[in-house]
K.L.:
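Structure provided below as structure tokens; questions to follow.
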Amino acid sequence: MRTDIVVIGGYGHVGAQICTLLSGRFPGAVYAAGRSLERAEQFCRSTGGRVKPLQMDAAGAFSADKMRHVKLVVMCLDQRDSSFAEACLMEGIHYIDVTANLAFFGQMAQLVQSGNKYGATALLSVGLAPGLTNLLAGEAKLSMDKVQQLDIAVLLGLGDSHGQAAIEWTVDNLAAQFEVMQNGTAVRADSFTDARRTDWGADLGTRRTYRFPFADQQILPQTLGIPTVSTRLCFDSRAATSGIAALQKLGLLKWLGHRRFRKATVRSFGKIRLGTERYAIKIEALGLKNGAAATAEYVIQGLRESTITAQVAAIAAGTLYSSGYATPGIYHLEQLLRVRLSEDRLSLYLSGQEDAGIYEEITGLRCWSRHSYTD
């Protein structure tokens with residue numbers, strides 16, 4: 001019988017929080033896994049034994065025997081390919097991945113196209129962006145007859161404590177070139193260009209946000225059929241945001257391609273604390289309702305981006321583990337869950353069960369939404 005939940009990278013920055021949250025809901029079933037048994041054991045002792053240690057290298061050979069009691073895997077490490085995820089699905093093990101790596105999403109999409117029959121569900125885009133941004137986009141889609149344009153903005157606090165992988169991903173994408181969808185056509189874009197003014201509300205005010213290669217802007221045209229989607233980024237430190245934009249304009253961010261400069265930049269992002277631990281996301285949708293112009297806006301603000309990522313991932317994991325969601329396949333978060341905003345919290349629930357009264361809440365937030373329709 002499959003009863004275990006294995007969190008790979010479970011003693012890392014985000015993984016440890018996921019383990020702790022899941023162990024409170026599913027006592028005795030959660031394992032913190034990784035290549036270092038010593039680190040896994042050290043973390044598990046800090047939980048008072050509520051989480052169990054497990055040595056596992058996801059890059060190595062998949063052991064069906066070792067996984068025979070596993071019902072769900074939560075992956076908190078970036079994967080080089082989709083082979084481990086596919087092996088889980090073939091064995092009937094649910095799979096959740098918190099990565100923001102667009103290349104990995106593309107590999108998972110190829111599994112969908114392969115025609116293979118899987119016995120479990122894989123869930124992607126589980127976090128803040130992609131993740132909650134996808135869910136808010138889904139709500140905007142449902143509020144209109146047609147969404148023609150979706151603008152997503154992400155604010156990250158440089159005073160927050162981020163995991164090494166998250167820091168490296170951000171630095172590596174500061175000078176990236178990528179594709180965005182405009183009127184159904186893929187066009188090239190550069191990071192930290194094409195500024196747009198985003199109104200975050202009374203607390204944060206209006207700030208310039210810049211294009212950045214978050215995966216949601218490539219995913220949502222596929223899952224929600226929205227022809228124009230863009231995602232932009234700013235930091236809570238205005239000086240840091242404008243400074244990076246200036247470096248891009250001067251062509252100096254290309255130096256991040258040099259190993260020494262990249263290493264120094266990653267070290268600086270890890271040590272320097274500019275601003276606060278605050279994060280925020282905003283969705284602005286333009287479309288049609290009853291043949292007239294319509295707009296929708298959604299904002300979520302909170303503290304500690306890694307915490308909200310862990311909370312969303314843990315709720316998604318609990319949903320797959322206990323809901324009996326029976327349709328095998330590979331999905332993004334907005335295809336499985338929905339979100340409802342209140343003033344100081346959000347509620348996540350399984351799509352199609354809006355009236356069942358079964359939901360999970362994340363509190364300690366500031367949320368608001370606004371809709372307008374032209375008569």
Side-chain angles (χ1 to χ4, degrees), residues 7-9 12-15 17-18 58 74-82 84-85 95-109 122-137 150 152-158 160-181 189 191-192 209-223 229-235 256 266 269-270 279-283 300 302 304-317 330-337:
V7 182
I8 301 179
H13 189 63
V14 173
Q17 296 179 70
I18 294 173
V74 182
M75 179 62 71
C76 299
L77 303 176
D78 279 342
Q79 299 295 285
R80 290 177 293 184
D81 57 56
S82 59
F84 183 84
Y95 179 88
I96 289 179
D97 205 309
V98 301
T99 188
N101 189 316
L102 183 61
F104 179 77
F105 291 153
Q107 293 171 354
M108 293 297 287
L123 188 56
L124 310 174
S125 300
V126 179
L128 182 67
L132 284 181
T133 54
N134 298 52
L135 292 179
L136 294 181
L150 191 69
I152 304 169
V154 180
L155 180 147
L156 296 178
L158 292 179
D160 198 356
S161 176
H162 300 284
Q164 183 69 15
I167 294 172
E168 290 183 356
W169 181 85
T170 302
V171 170
D172 288 340
N173 283 289
L174 288 175
Q177 289 188 327
F178 54 99
E179 289 186 346
V180 297
M181 296 299 294
S191 283
F192 266 84
T209 54
Y210 296 85
R211 289 194 180 274
F212 203 74
F214 287 103
D216 46 14
Q217 61 197 319
Q218 280 86 13
I219 295 163
L220 294 170
Q222 302 172 32
T223 60
V229 183
S230 65
T231 307
R232 288 175 169 82
L233 171 69
C234 69
F235 300 106
L256 289 172
V266 169
F269 266 73
Y279 67 82
I281 56 174
K282 182 174 184 178
I283 304 295
I300 298 174
R304 294 178 292 278
E305 181 268 336
S306 66
T307 298
I308 191 71
T309 295
Q311 289 172 320
V312 172
I315 290 173
I330 300 171
Y331 302 92
H332 290 274
L333 193 64
E334 70 276 14
Q335 297 174 297
L336 180 58
L337 297 181

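Side-chain atoms are counted along with the backbone in the values below, which use heavy atoms only and exclude waters and symmetry mates. Positions are given from 1, in the same order as the sequence printed here. Not measured: the values here are computed from a predicted model.
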K.L.:
Quick one: closest heavy-atom pair of D81 and F104, and the distance?
P.N.:
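Scanning both residues, the minimum pair turns out to be O-CE1, 3.5 Å.
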
K.L.:
Go through the steps for F105 and T99 under the test side chain to side chain contact (heavy atoms under 4.5 Å, CB included), then give the verdict.
P.N.:
CA-CA 9 Å; F105 291 153; T99 188; 3.9 Å; yes

K.L.:
Under 3.5 Å, is there a donor-acceptor pair between the side chain of Q311 and the main chain of Q17?
P.N.:
no

K.L.:
For V312 and L128, run side chain to side chain contact (heavy atoms under 4.5 Å, CB included): C-alpha distance rounded to whole Å, both residues' side-chain angles, the deciding distance at 0.1 Å, then the answer.
P.N.:
CA-CA 8 Å; V312 172; L128 182 67; over 6 Å; no

K.L.:
For L156 and E305: C-alpha separation, side-chain torsions, deciding distance, then whether side chain to side chain contact (heavy atoms under 4.5 Å, CB included) applies.
P.N.:
CA-CA 7 Å; L156 296 178; E305 181 268 336; 4.1 Å; yes

K.L.:
What are the two closest non-hydrogen atoms of A313 and I96, and how far apart are they?
P.N.:
O-CD1, 4.5 Å

K.L.:
Which heavy atom of Q217 sits nearest a heavy atom of F212, and at what distance?
P.N.:
NE2-O, 2.6 Å

K.L.:
For T209 and A153, work out which heavy atoms get closest and say how close.
P.N.:
CG2-CB, 4.3 Å

K.L.:
Could you go through the side chain to side chain contact (heavy atoms under 4.5 Å, CB included) check for L102 and F178 one step at a time?
P.N.:
CA-CA 10 Å; L102 183 61; F178 54 99; over 6 Å; no

K.L.:
Quick one: does any side-chain atom of E334 pair with a main-chain N or O of N134 as donor and acceptor, under 3.5 Å?
P.N.:
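Not confirmed, E334 side chain does not pair with N134 backbone.
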
K.L.:
Check for a donor-acceptor pair, side chain of Q222 on one end and backbone N or O of I219 on the other, with a separation under 3.5 Å.
P.N.:
no

K.L.:
Restricting to side-chain contact (heavy atoms from CB on, under 4.5 Å), what partner residues turn up for A122, sequence neighbours left out?
P.N.:
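side-chain contact (heavy atoms from CB on, under 4.5 Å) list for A122, sorted by chain: L89, Y95, M108, I330.
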
